[in-house]
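Have a look at the structure below before the remarks.
All ligand and atom numbering here is 1-based and tracks the order in the structure. Throughout, residue positions are numbered sequentially from 1 according to the sequence presented.
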Amino acid sequence: MKHLLSIADTSRGELEELLDLTDNFKEVLARKVPKVPALRNKTVVLAFFEDSTRTRTSFDMAAKRLSADVVTFSSSSSSLSKGESIRDTIQTISAMGVDAMVVRHRSSGVPAQITQWTDASVVNAGDGWHQHPTQALLDAYTIRSHFGSLEGKTVAIVGDIKHSRVARSNIEAFTKLGAEVLLVAPRTLLPARVEELPVKVAQSLDSVIADIDVLSLLRIQAERQDEALFPSAREYRAGYGLTGERAKRLSSNALIMHPGPMNRGIEIDAAVADDPRSTVLEQVGNGVAVRMAVLFNVLGPGSFDPDPADPDSANPDPNPANPDSERADQ
Ligand code: CP
C-alpha cells in the first residue's frame, strides 16, 4: 500500500499481512543488534501537529530500527506560528526530499488531504475523532499474541467512544479480524448512528463484565468535549470505571487494555492499571514492531530502489531466517 490512512481502506488479508510482518519485526527487535537496513536511504518525517508521547516516539524508533533517516517536525516551533498554511508547510518539507510523512492532526481528514500535496507516502498517526490505524493494529496484534486469533473473541470497548479515533479504528480492525465488539458507554458518549456499526451496545459495564475476553478502556477526552457529557469524574468511575471490585469479576484470562494516556482513578483505578492482566505496556512495546511493519509496507519492497554498488541494500528482507537482514548501519 502507498499510504495508511484508515483501517476502512484495508482488507482482512492486508491486516493479517501487517500482523504477520509485525511478528518478523518483533524477532528483529529481540536481536542483539535490533536493526535492519530495510529502509536505508529513505527519509521519514514525523509531522505531529498535536501532542503525542507513544505514537511519535515509537514511529521514531521504528524508522531508526529500519535504518531510515528521521526528521521530526515540531509544529509549535515552526513557521505555522507566522501564519504559514499547512499546505505550504507540507509542500516545503516535501520539497526537501521525503519518502514518508507520519502525520497527526487534531482535525479529521488532514492526513488524507496531505496525500494531495506530496508524493511521499502518508501514514495517519491520529486525526481528530476519525482514525488511529496503527493503534488499532498494535491493539489487534496484542490480542492475537495472547489468544492466537481474534476470531470469536468478545471485545468490550468502554468509555468515550464518541470522541475516540482509537474506538473507530478498533471497531473496524477487530470486526474484520473476526471478533465481536461490544460498546459500553453512557448514551451521551456513544457515536451518532451507532446502530449502523457492526457492534452490540450495552449501557452497563456490570451486566457484561463477566463474559468478555478483552476489556479495552478509553480515556475521557476532555480536550475534545465542548459540553458536559456526564455529571462528574466520580460518577463516571462509579458506572464505567474499572475499579478493583469490577476487576475481580473479569475472567482471569481476560486482557485489560488501554491505548494511553490513562486517567488513573477515572476510567481505570491505579492498582488495576498494574494488574497482571493489564497489557498497557505490552501494547506500547508492540507499537514499535507494528510501526516498523507499516513503514516497511509503505516504503519497502514495492518501492525499494537498491543501490547496485551496495549488495546489502538490495535486500530489504526483514525475514529473521535471512542472515543478511541482521546487517544494518550502526
Ligand atoms: N495512544 C496514543 O496515541 O498515545 P499518544 O497520544 O501518547 O501518542
Side-chain angles (χ1 to χ4, degrees), residues 4-7 18-19 22 44-65 70-76 100-111 114 122-143 145 155-174 189 214-225 242 255-264 266-268 272-274 278-295:
L4 177 62
L5 300 174
S6 169
I7 295 294
L18 284 166
L19 299 183
T22 301
V44 175
V45 172
L46 308 180
F48 278 64
F49 299 89
E50 187 188 70
D51 293 344
S52 167
T53 296
R54 281 149 281 269
T55 312
R56 180 168 51 195
T57 310
S58 59
F59 265 114
D60 190 350
M61 197 174 281
K64 286 173 178 160
R65 297 293 191 223
V70 184
V71 178
T72 300
F73 163 80
S74 170
S75 60
S76 59
M101 285 195 192
V102 178
V103 178
R104 171 171 285 193
H105 199 280
R106 65 185 163 80
S107 297
S108 301
V110 169
I114 286 175
V122 177
V123 178
N124 183 357
D127 61 331
W129 304 4
H130 177 226
Q131 280 276 319
H132 193 348
T134 57
Q135 181 71 45
L137 284 165
L138 75 89
D139 287 346
Y141 183 82
T142 302
I143 297 171
S145 68
V155 183
I157 301 178
V158 182
D160 186 359
I161 296 155
K162 177 175 176 167
H163 300 99
S164 176
R165 56 196 176 206
V166 174
R168 280 177 183 74
S169 306
N170 280 0
I171 289 166
E172 294 199 53
F174 295 170
L189 292 180
V214 178
L215 182 60
S216 177
L217 301 160
L218 298 175
R219 184 172 66 88
I220 293 294
Q221 302 195 38
E223 76 277 20
R224 299 193 208 282
Q225 296 184 12
L242 186 60
L255 307 181
I256 300 170
M257 304 183 75
H258 194 303
M262 292 185 282
N263 293 310
R264 289 185 189 237
I266 303 180
E267 68 265 6
I268 186 165
V272 181
D274 305 318
S278 165
T279 61
V280 173
L281 294 179
E282 191 182 330
Q283 289 166 259
V284 174
N286 287 339
V288 178
V290 158
R291 288 168 177 133
M292 289 172 80
V294 169
L295 291 173

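Ring geometry for F73 versus F49: interplanar angle of 30 to 60°, hence tilted.
The pair R165-E172 does not count as a salt bridge, with every side-chain nitrogen at least 4.0 angstrom from each carboxylate oxygen. A salt bridge links R264 with D274: the closest approach of a Lys/Arg side-chain nitrogen to an acidic carboxylate oxygen falls below 4.0 angstrom. Between D60 and R56 there is no salt bridge, since no side-chain N of the basic residue sits under 4.0 Å from a carboxylate O of the acidic one.
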Could you give the N/O to N/O pairs under 3.5 Å linking ligand 1 and the protein, each with its distance?
residue, atom, partner, partner atom, Å
ligand 1, 1 (N), Q135, OE1, 3.0
ligand 1, 1 (N), P259, O, 2.9
ligand 1, 1 (N), G260, O, 3.2
ligand 1, 3 (O), T55, OG1, 3.0
ligand 1, 3 (O), R104, NH2, 2.9
ligand 1, 3 (O), H132, NE2, 2.9
ligand 1, 4 (O), R54, NE, 3.1
ligand 1, 6 (O), R104, NH1, 2.9
ligand 1, 7 (O), T53, N, 2.8
ligand 1, 7 (O), R54, N, 2.9
ligand 1, 7 (O), R54, NE, 3.1
ligand 1, 7 (O), R54, NH2, 3.2
ligand 1, 8 (O), S52, OG, 2.6
ligand 1, 8 (O), T55, N, 2.9
ligand 1, 8 (O), T55, OG1, 2.6
ligand 1, 8 (O), R104, NH1, 3.4
ligand 1, 8 (O), R104, NH2, 3.3

Side chain to side chain donor-acceptor pair (under 3.5 Å) evaluation trace for Q283 with T142:
CA-CA 6 Å; Q283 289 166 259; T142 302; 5.6 Å; no
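In this structure, the side chains of V102 and L295 come closer than 4.5 Å at one or more pairs of heavy atoms.
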